[in-house]
Amino acid sequence: MRDPIAPLRAAAQVCLTAAAGLTGAVAATAGESWQWQLTPFMVAPSIDSTTELGWSGGDVSIDAGDVFDQLQAGGMLQFEGTHYSNFGFRLRYAVLDADSNALSSVGPGGVRYDQNLAEALVTYRFGRGLDQFEVFGGLRHWDVDVTASLPGAALRRGADWTDPVVGMRWERRLSDSFSVTLEGDIGGFGAGSEESWSVMGGLVHHRWKNASIYVLYRGLGVEYEEGTRGTGSFFRHDAVTHSLLAGVGFRF
């Protein structure tokens, strides 16, 4: 598998440079003032996809089975900073592995998806009353490997690419202890994938002064294709990843 860390470092550097440029003028006169949050998540992902793999016998199309048939473990680490000017950044790195029974053009079998994601975003927050909004833009790097165990064949194909993304987040305070949050973005635009999207939302419990508990759902979709159809280089991956996330965010 390709090393997913190098794209994350590069994306993070771009994000931090942009955030520094946006807040530089204010920081020069008033001094820097940041709030940080680190949130590790446990993730239970599952894949609903149609994948095509090129091989010597022709292209093989694979349809994943029941989307929640076999949930596998995963994880996501999120680090974000917000400057007092309301500009900031968010970095995420997620490892999502899922197994599923599958039907293919050559018969039934099993398929394993290894999907690593690195995200680097520049953010801007604003709010009114109990509602807080955030607009953001940046990069999402994908590293996907698909291993299929099929009748008479064991195939492994993969690809990595980077999508530009833009989106918005909304959070509403329900009480001193609870909030609801909803986030969505779109990306790709033909620069990496043909198109991609993400939606994430759920409940936040502000359990402690400097820490909150998150229980979220995330749907992540992508349509990607590379290589020449009918050859061993062909790889097509149209997938939606469903994830249940639970984590604790530490503020400092």
Side-chain angles (χ1 to χ4, degrees), residues 11-12 15-16 18-27 30-46 74-94 96 117-140 164-187 196-221 240-252:
C15 182
L16 290 172
L22 290 170
T23 61
V26 178
E32 292 186 353
S33 180
W34 289 83
Q35 182 181 58
W36 313 99
Q37 180 165 318
L38 179 66
T39 311
F41 288 95
M42 294 180 60
V43 181
S46 189
M76 184 173 78
L77 185 63
Q78 177 175 284
F79 178 63
E80 53 192 322
T82 304
H83 192 259
Y84 76 91
S85 64
N86 291 329
F87 286 100
F89 68 89
R90 181 162 58 253
L91 305 176
R92 288 179 180 149
Y93 179 67
L96 307 174
L117 296 176
E119 300 176 65
L121 306 169
V122 174
T123 64
Y124 179 75
R125 293 184 180 181
F126 57 97
R128 182 177 181 181
L130 298 176
D131 297 297
Q132 184 178 73
F133 300 90
E134 176 188 274
V135 291
F136 58 84
L139 302 173
R140 177 181 297 128
V165 297
V166 293
M168 187 171 185
R169 175 197 277 181
W170 165 71
E171 184 171 324
R172 182 174 180 84
R173 195 82 178 211
L174 302 177
S175 67
D176 290 341
S177 299
F178 291 96
S179 297
V180 291
T181 183
L182 181 64
E183 174 186 321
D185 67 60
I186 56 174
S196 64
W197 55 267
S198 172
V199 293
M200 182 164 63
L203 188 66
V204 186
H205 179 27
H206 306 287
R207 179 65 178 82
W208 304 280
K209 179 180 179 180
N210 294 314
S212 299
I213 299 171
Y214 291 78
V215 180
L216 307 173
Y217 162 82
R218 188 182 194 186
L220 187 68
V240 176
T241 304
H242 302 268
S243 299
L244 305 176
L245 300 90
V248 179
F250 301 94
R251 294 180 294 276
F252 53 96

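Side-chain atoms of R173 come within 3.5 Å of backbone atoms of D176 as a donor-acceptor pair (strictly under, hydrogens ignored).
The OG1 atom of T181 sits 5.5 Å away from atom CZ of R169, with the distance rounded to the nearest 0.5 Å. For the atom pair CG of L174 and CG of L130, the computed distance is 8.5 Å after rounding to the nearest 0.5 Å. To the nearest 0.5 Å, atoms OG (S85) and OH (Y124) are separated by 7.5 Å. Distance CD/E80 to OG1/T82: 6.0 Å, rounded to 0.5 Å. Separation of atoms OH (Y214) and OG1 (T39) is listed at 5.0 Å; rounding is to 0.5 Å. Atoms CG and CE, on L245 and M76 in that order, are 5.0 Å from each other to the nearest 0.5 Å.
Two residues are said to be in side-chain contact when any heavy atoms from C-beta on lie closer than 4.5 Å; P40 and F250 meet this criterion. A heavy-atom distance below 4.5 Å is found between the side chains of L203 and V180. The shortest side-chain heavy-atom distance between F79 and Y93 does not fall under the 4.5 Å cut-off. In this structure, L216 and F41 have side chains that are in contact, with non-hydrogen atoms separated by less than 4.5 Å. Within the 4.5 Å cutoff, side-chain heavy atoms of L96 are placed close to those of S243.
Scored by the side chain to side chain contact (heavy atoms under 4.5 Å, CB included) test, L182 finds W170 as partners (sequence neighbours excluded). With sequence neighbours excluded, no residue satisfies salt bridge (Lys or Arg N to Asp or Glu O under 4.0 Å) with R251.
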task = Please report the C-alpha distance between W34 and F89 in whole Å, then the side-chain angles of each, then the deciding distance to 0.1 Å, and finally whether the side-chain contact (heavy atoms from CB on, under 4.5 Å) criterion is met.
result = CA-CA 11 Å; W34 289 83; F89 68 89; 3.9 Å; yes
key: Evaluation steps, side-chain contact (heavy atoms from CB on, under 4.5 Å), between V199 and L220   = CA-CA 7 Å; V199 293; L220 187 68; over 6 Å; no
Pairs of donor and acceptor atoms involving the side chains of residues 133-140, under 3.5 Å and at least two apart or interchain, shall be tabulated with distances.
unit_1, atom_1, unit_2, atom_2, d
E134, OE1, R90, NH1, 3.4
E134, OE1, R125, NE, 3.0
E134, OE2, R90, NH1, 2.7
E134, OE2, R90, NH2, 3.0
R140, NE, E119, OE1, 3.4
R140, NH1, D185, OD1, 3.4
R140, NH2, E119, OE1, 3.3
R140, NH2, D185, OD1, 3.1
R140, NH2, D185, OD2, 2.7

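With S179 as the fixed residue, the side-chain hydrogen bond (donor to acceptor under 3.5 Å, both in side chains) test singles out one of R172, H206, H205: H206.
Within a 6.0 Å sphere centred on CE of M168, other residues, nucleotides and ligands contribute more than 12 heavy atoms.
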